[in-house]
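The structure appears right after this line, and notes come after that.
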Amino acid sequence: MDSRYNSQQTEDEIYALWEKADAFNPDSVKKLRQRNDNKLNEQATSTNEQIASTGKQFSIIMPPPNANDPLHVGHAMFVALEDIMIRYHRMLGDDTVWIPGTDHAGIETQFVFEKKLKKDGKSRFNFDRSTLFKMIWDYVKANSEVAKDQIKKLGASADWSRFKFTLDKDIVENVTKTFQLLYEDGLIYRDLKLVNYCTRCGTSYSELEVDHEEKIDPLYTIQYGPLQVSTVRPETIFGDVAVAVNPNDDRYKQYIGKMIGVEFPWGKKTMPVISDEYVDPKFGTGVVKVTPYHDQNDFQMWETHKNEISEIPVPVINTSGKIYNAPKKYNGLGVINARAAIIEDYEAYKNSLGNSLLINIDKKYSHSVGICYRCSKPIEPLPLPQLFIKVADTSNPKNKKLNLVQRALETLDSRATKIHGAGREKILRHWLNNLQDWNISRQIVWGIPIPVWYKINGNEDKITVSFVDRNKAYQTGPLSKWLKTTSLEEIKQNIQSINAEISVPYSVSIEDPKLAATTEKDGSNYIQETDTFDTWFSSSQWPVVTLKTNNKKDFERFYPTSVMETGYDILPFWVMRMMLLGNYLTGKTPFKNVYLHGLIRDEKGKKMSKSKGNVINPLEVKEKFGADALRMALVIRSTPGQDKSVGKPDFKATRNLTNKIWNAARFTILMFENPHETSFIKNAPGDAEYLKKLNSVISETSKHLSDLKIGLAAEVIYNEFWHWYCDICIENAKQGKISLEVLKIGLTTFLKLLHPFMPFITESIWQELRKEKIVSEKLLIVSDWPTQVS
RNA sequence: GAACUUGUAGCUCAGUUGGUUAGAGCGCUUCGUUGACAUCGAAGAGGUCAGAGGUUCGAGUCCUCUCAAGUUCACCA
C-alpha cells in the first residue's frame with residue numbers, strides 16, 4: 001500500500017465493483033448479504049438466518065434534479081445525506097431502496113431552451129407544439145445522462161434499475177390518472193380568475209412562485225369626476241368599472257350608491273360609487289378606482305358588488321403585456337409606454353373649466369410589486385380561464401378525503417409525518433392554513449398535457465386558436481374563422497395554443513372524447529387544452545408514482561417511504577404538495593420523516609452565486625480532494641434546517657481524514673505482516689477497557705444515525721477514530737498495552753462505521769484487508785453493521 | 001405589520017431528555033520524524049455560551065424581556 005491515499009485512482013473502480021455486484025438493488029442485496037461471508041457460507045444454514053433481514057424496510061425517493069442541469073453543491077448535499085442513511089440501513093439488514101430520478105422541470109427547461117432558440121434567431125412561435133416538444137425532448141435527452149453520472153460520481157448507492165424520469169410514459173399515465181380522480185371527486189374546477197402571469201415567460205404561476213420587490217414608482221393623483229383617486233397604474237384605467245370608498249368615510253357618504261360622471265382626456269364615462277370596508281380612508285384620497293381584471297383586490301371587490309355595477313369588465317392588457325380594448329391610440333402599446341402616453345395626455349389636457357385632471361405626482365412612492373421568480377419582470381394579474389385544485393373542500397364534511405389541507409395537517413398532528421429542521425414544521429403549518437387553491441395550468445409546451453377537451457360544435461366563436469399555417473406563418477383567431485379555410489385536423493396538427501372561454505363545456509379524458517368509447521356520443525368534435533401541468537403537480541405525486549410504476553410489489557413494500565430528504569427552500573412547493581396528493585391518493589402519508597437540509601454557503605457564510613464567483617463545483621472538489629472528503633465536509637456538524645458554511649479548509653481537513661484512515665489500515669496490515677514481539681500478546685491489560693469504549697462508540701454512532709442526527713454521527717465517528725483510535729489506541733498497541741487482535745477488531749469496526757460517510761476509501765481498504773485475509777466478508781457495502789463486540 | 005431562525009474560541013460551526021472541568025476544524029505558540037500518517041504527533045494559549053431577569057439542588061440547554069443578525073410571509077389604490 002502506498003503511504004498516501006489516492007482517491008482519483010480508486011473511486012471509479014470501487015463504484016464499478018458495487019454496480020457489478022448489483023449491491024444497490026434491494027432484490028439482490030439479501031442474497032449478497034448471505035453469501036458475503038465465505039466462512040458463514042460453509043457453515044450450517046442456521047448461521048445464515050442470523051444475517052437475514054430485520055424485517056424492516058427503509059426507503060428514500062431521491063428528489064429528482066432537473067434532467068439537463070449539471071450538479072451544484074446542493075445536489076452533493078442531498079446525495080451525501082441520503083446515501084449515508086441508505087448505506088446505514090442496508091448494513092443493518094433492512095430492506096433498503098433508494099429510487100433515483102430526474103425531473104423535466106417544465107418552465108426552467110423551456111426557458112433555457114428558448115434562450116438557445118433566440119441565439120439561433122428563432123422563437124417558440126416558429127414551431128407548432130409537437131415539433132417544439134420534440135426539440136426540447138432531444139435537447140434534454142442529450143444532457144440527461146449528465147445529472148445521473150455526476151450523482152454516481154459522488155458515490156450514490158441508488159438503485160439505477162428503478163430510475164424514473166417525470167416524462168416516462170408510465171409516469172405520465174399515472175399523473176394524468178390522478179387528475180381524472182381529482183376531477184371525479186370534484187376537486188378540479190375551471191375558472192376565470194386573476195392569475196399571476198409573466199408576459200415575458202408567457203405563462204401563469206401559482207401564488208407561491210411570485211416574488212415581491214420594493215419599488216419606487218410615481219403615484220399619480222387624478223381627478224375622477226367629483227372625486228380624486230391615486231394610482232401607480234394609470235394604464236389599467238380603461239378597465240375601471242366603479243369607484244369605491246369606505247362606508248364610514250363622511251367625506252364621501254353622499255356619493256355611495258350614486259352614479260358619477262368621469263371625464264378623461266379621451267372621453268367621458270359614468271360609473272357607480274360603491275362602499276367597501278377594504279378601502280382605507282387614511283390612505284391617499286380614500287377613494288379607489290375598481291379595475292377588476294388587473295388587480296386582485298379590485299377583483300374581489302367586484303365579485304362582492306357585482307349587482308351594484310352594471311358594466312361588465314373587460315381586460316385591457318393581453319398576455320403579451322400590450323394594451324387592448326382601449327381607445328385606438330393606446331391599443332398595442334406595451335404597459336410602460338402606455339403609462340407614459342396616458343400621463344402625457346393627462347398633462348396636456350384641460351377640462352371645460354380650464355383645469356388639469358392631473359392633480360399631483362408623488363415621485364417617491366414606495367410599494368412592493370410582484371415579480372416573476374424566474375425573470376424578475378413584474379407579474380401581471382390577468383383574467384385567464386385556468387384549472388385549479390380545491391385544496392380544502394369542506395362541502396362534504398363526511399368525506400374527509402376531499403379536504404387535502406386538513407388531511408395533511410392531521411398527519412402532522414398524529415406525528416405520522418415528522419419534520420426535522422429548525423422550526424420548519426410551524427412554517428409548514430402556516431403555509432397549509434393559508435393555502436389558496438392551486439392553479440395547475442401552465443402555458444408551456446414542455447410538460448404533461450392536461451387531459452381536458454373542449455367541445456367545438458356550437459362553440460367555434462368562443463375558442464381562440466393559434467397555429468402555424470401552411471406557409472409557416474403564425475396565425476391566431478377564433479376557430480370559427482379558421483375552420484372556413486382549414487381543416488380541424490390540420491389546425492390540430494399545427495397547433496400552438498388554444499384559449500377557450502369559460503363557458504365552453506369540456507370533458508376530462510385521456511383520448512379524444514369523440515373517439516373514446518366511454519364518453520359523449522353526440523358526434524361533436526373536441527379539441528384538447530394546450531396548457532400543461534405545473535411541474536409540481538407531477539413531482540407532488542413522485543413517491544407514489546415511482547413506486548407504482550416500478551416492480552409491482554414496490555408500492556406495498558416501500559410505501560410510506562421512510563425519509564424525504566430535501567432542501568428547506570422547496571418545503572412549500574414540493575414537500576407540502578406531496579403531503580396533499582400523497583394522502584389523497586393512498587390515504588397515507590407519503591413519508592414518515594422529512595429531513596430538511598440547509599443551504600450550503602461559502603466559508604465566510606455568504607450565499608453562493610455565480611456573480612460573486614464563490615460557487616463550489618462539487619466535481620472539482622471531488623477531483624482534488626475525493627468524493628469521500630467532499631461528502632464528509634458537507635455533512636459533518638450539519639444540522640437540519642440550518643445553513644452551513646463550507647470552504648477549502650474544510651475539504652482539506654476531511655481529505656486529511658481519508659489519509660489518516662488509509663494509514664491506520666496500512667499500519668495494521670504492516671503489523672500483521674511484520675510482527676514484533678509485542679504483537680503476540682494475548683489479552684493485554686488494556687483490552688477490556690478498550691472494547692468497552694469501542695462498544696460505546698458503536699452504540700453512540702448507531703443511535704445518532706437512527707435518530708437522523710447525521711451531522712452529529714459524523715462528528716462522533718471522526719473524533720473517536722482520529723483522536724481515540726489513532727492517537728491513543730494505536731500508540732498503546734505499539735507498546736503492548738492492547739493486543740493486536742482487538743486492534744484489528746477496532747479497525748474493521750471503524751471501517752464499517754465510517755462506510756456510510758466515506759464509502760469509497762473504506763471499501764477500498766476493505767478489499768486490501770481481504771487480500772491480506774484479515775477480513776472475510778467480501779463487500780463492505782453489504783456487510784453487517786457492527787454490533788457490540790466482546 | 002407578522003412569523004420563524006440565529007447569537008458559543010480570532011474564523012466557520014457542533015453541543016443528544018437540564019447534570020462532572022463547554023468541544024471540533026482552520027488559525028496561533030512551543031517542541032517533536034520513537035514500527036503507519038508532516039495530508040503527522042505532543043504540549044499550550046484562547047470562551048462572563050449576546051445582555052438582563054426567572055424556574056431549578058444544578059441552565060449554553062427551559063421561561064420572560066431587551067439588543068443584534070438573517071430568512072420568509074402579508075399589505076399598500
Side-chain angles (χ1 to χ4, degrees), chain A residues 1-5 207-208 211-212 214 219-221 224 228-234 236 240 243-245 278-280 282-291 295-298 301 365-369 421-431 434 568-569 571-572 598-599 601-605 607 625 629 632-633 636-639 641-671 673-676 678-679 700 703-704 707 709 711-716 718-719 722-723 726-727 730-731 733-735:
Chain A
M1 281 170 88
D2 196 5
S3 75
R4 288 183 188 185
Y5 170 64
E207 101 265 17
L208 302 183
D211 287 340
H212 295 269
E214 280 297 321
L219 177 69
Y220 305 99
T221 302
Y224 219 75
Q228 295 180 350
V229 297
S230 298
T231 179
V232 277
R233 302 209 56 190
T236 63
D240 294 358
V243 185
V245 298
Y278 160 77
V279 181
D280 178 2
K282 291 186 199 112
F283 188 93
T285 58
V287 183
V288 182
K289 63 189 196 63
V290 182
T291 322
D295 184 286
Q296 295 282 5
N297 297 310
D298 291 8
M301 271 201 278
Y365 177 66
S366 165
H367 64 154
S368 117
V369 177
R424 300 292 159 184
E425 179 168 341
K426 282 188 187 168
I427 294 175
L428 177 59
R429 284 175 184 275
H430 182 260
W431 276 111
N434 295 288
Y568 65 74
D569 50 330
L571 178 67
L599 254 60
R601 295 166 176 273
D602 76 3
E603 56 198 285
K604 299 272 181 232
K607 250 186 187 172
F625 301 97
M632 195 59 161
I636 193 166
R637 268 168 273 121
S638 71
T639 11
Q642 222 64 64
D643 293 354
K644 186 169 198 310
S645 298
V646 177
K648 216 172 181 178
D650 300 285
F651 300 129
K652 226 171 130 182
T654 48
R655 190 269 321 268
N656 293 354
L657 173 63
T658 59
N659 199 55
K660 194 73 183 174
I661 300 169
W662 184 255
N663 276 294
R666 197 159 74 97
F667 176 72
T668 312
I669 293 174
L670 226 72
M671 277 181 111
E673 282 176 344
N674 210 350
H676 286 220
T678 51
S679 311
E700 203 182 345
K703 185 169 189 314
H704 288 326
D707 293 348
K709 299 196 166 153
L712 205 49
E715 185 173 22
V716 167
Y718 179 108
N719 287 331
W722 197 317
H723 300 303
C726 292
D727 291 350
I730 290 185
E731 294 309 315
K734 286 176 187 173
Q735 296 160 27

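Chain letters run A, B, ... following the sequence lines, proteins first and then strands; every chain starts at 1. Keep in mind that the numbers below use all heavy atoms, side chains included, and drop hydrogens, waters and symmetry copies.
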Contact class for A/Asp727 vs. all strands (heavy atom < 4.0 Å): base, sugar-phosphate, or nothing?
sugar-phosphate

Summary of protein contacts for nucleotides 15-32 of chain B, nucleotide by nucleotide, where a base hit scores B, a sugar-phosphate-only hit scores S (4.0 Å, heavy atoms)
SB-------BS-------

Nearest-Å distance for atom pair CZ/P, residues A/Phe667 and B/rC40
18 Å

State which residues pass side-chain contact (heavy atoms from CB on, under 4.5 Å) with A/Ala629; sequence neighbours excluded, sorted by chain then number.
A/Phe625, A/Thr654, A/Arg655

Given that both pair distances must be under 3.5 Å and the pair must be Watson-Crick or G-U, what runs of three or more consecutive pairs involve RNA chain B?
B:1-7 with B:67-73, B:10-13 with B:23-26, B:28-32 with B:40-44, B:50-54 with B:62-66

What distance, rounded to whole Å, do you find between the two C1' atoms, one in B/rU55 and one in B/rU64?
11 Å

Ignoring hydrogens and angles, are the base of B/rA36 and the side chain of A/Lys734 linked by a donor-acceptor pair under 3.5 Å?
yes

To the nearest angstrom, the CZ-P distance between A/Arg233 and B/rA77 comes to 10 Å

Using the P atoms only, state how far B/rG46 lies from B/rG23, rounded to an integer number of Å.
14 Å

Report the residues that fulfil salt bridge (Lys or Arg N to Asp or Glu O under 4.0 Å) with A/Lys607, sequence neighbours left out, ordered by chain and then residue number.
none

When we call it a touch if two heavy atoms are under 4.0 Å apart, what does A/Val279 touch: a base, just sugar-phosphate, or nothing?
base

Going by modelled atom types, is there a donor-acceptor pair between the base of B/rC75 and the side chain of A/Ser368 at under 3.5 Å?
yes

At under 4.0 Å between heavy atoms, what does A/Trp431 touch on the DNA or RNA strands: base, sugar-phosphate, or nothing?
sugar-phosphate

How do A/Asp643 and A/Lys282 order along RNA chain B: which one's closest nucleotide is nearer the 5' end?
A/Asp643

Give a yes or no on whether a salt bridge exists between A/Glu700 and A/Lys703, defined as a side-chain N under 4.0 angstrom from a carboxylate O.
no

Holding to ring pair (Phe, Tyr, Trp, His ring centres under 6.0 Å), I want the full list of residues that pass it with A/Tyr568, two or more places apart in sequence or in another chain.
none

Among all residues two or more places apart in sequence or in another chain, which pass the salt bridge (Lys or Arg N to Asp or Glu O under 4.0 Å) test with A/Arg4?
none

Treating A/Asp280 as the side-chain partner and A/Gly286 as the backbone partner, does any N or O pair qualify as donor plus acceptor under 3.5 Å?
no

C1' spacing across the pair B/rG10 / B/rA74, given as an integer number of angstrom:
41 Å

A/Trp722 CH2 to B/rA42 P, straight-line distance once rounded to whole Å:
11 Å

Under 4.0 Å between a side-chain N/O of A/Arg4 and OP1 or OP2 of B/rC37, yes or no?
no

Categorize A/Val290 for me: base, sugar-phosphate, or nothing, with a 4.0 angstrom heavy-atom threshold over every strand shown.
nothing

What is the distance, rounded to the nearest whole Å, between atom CG of A/Asn659 and atom C1' of B/rU39?
5 Å

Provide, to the nearest angstrom, the distance between the NZ atom belonging to A/Lys607 and the P atom belonging to B/rU71.
6 Å

Tell me what A/Ile669 touches on the nucleic acid: a base, only sugar-phosphate, or nothing, going by heavy atoms under 4.0 Å.
nothing

Measure from CZ on A/Arg601 to P on B/rC11 and round the result to the nearest Å.
18 Å

If we take the C1' atom in both B/rA50 and B/rA9, what is their distance in whole Å?
15 Å

Test of understanding: with side chain to side chain donor-acceptor pair (under 3.5 Å), list the residues that count as partners of A/Asn659, not counting sequence neighbours.
none

Could you tell me which residues satisfy salt bridge (Lys or Arg N to Asp or Glu O under 4.0 Å) with A/Asp298, sequence neighbours excluded, listed by chain and number?
none

Please name all residues satisfying ring pair (Phe, Tyr, Trp, His ring centres under 6.0 Å) with A/Tyr718, sequence neighbours left out, ordered by chain then number.
A/Trp722

Starting from the C-alpha separation in whole Å, work towards a yes-or-no answer on side-chain contact (heavy atoms from CB on, under 4.5 Å) for A/Asn663 and A/Tyr5.
CA-CA 8 Å; A/Asn663 276 294; A/Tyr5 170 64; over 6 Å; no

Roughly how many Å is it from CG in A/Leu657 to P in B/rG41, rounded to a whole number?
11 Å

Between A/Val288 and A/Ser645, which residue's closest nucleotide on RNA chain B lies nearer the 5′ terminus?
A/Ser645

Distance between the P atoms of B/rC49 and B/rC57, in whole angstroms?
22 Å

Suppose you measure atom P in B/rA3 against the same atom in B/rU29; what distance do you get, rounded to whole Å?
49 Å

Side-chain donor-acceptor pair under 3.5 Å between A/Asp240 and A/Tyr224, yes or no?
yes

Could you work out, with salt bridge (Lys or Arg N to Asp or Glu O under 4.0 Å) as the rule, every residue matching A/Arg637, not counting sequence neighbours?
A/Glu715

Provide, to the nearest angstrom, the distance between the CG atom belonging to A/Asn663 and the P atom belonging to B/rG41.
11 Å

Give me the distance, rounded to whole Å, that separates B/rG58 from B/rG32 when you measure between the C1' atoms they each carry.
43 Å

Proximity to the side chain of A/Arg655 - top-ranked nucleotide from B/rA77, B/rU39, B/rU72
B/rU39

For A/Thr285 and A/Ser230, test the side chains for any donor-to-acceptor distance below 3.5 angstrom and give the result as yes or no.
no

With C1' as the reference atom in both, quote the distance from B/rA68 to B/rG51 in angstrom, rounded to an integer.
11 Å

Name the closest nucleotide to the A/Lys660 side chain, picking from B/rC40, B/rG35, B/rA77.
B/rC40

Under the side-chain contact (heavy atoms from CB on, under 4.5 Å) test, which residues partner A/Tyr365, sequence neighbours left out?
A/Leu219, A/Val232, A/Phe283, A/Asp362, A/His367

Extract from the structure each pairing of a protein N or O with an N or O of nucleotides 2-6 of chain B at less than 3.5 Å, listing the distance.
residue, atom, partner, partner atom, Å
B/rU5, O2', A/Gln642, NE2, 2.8

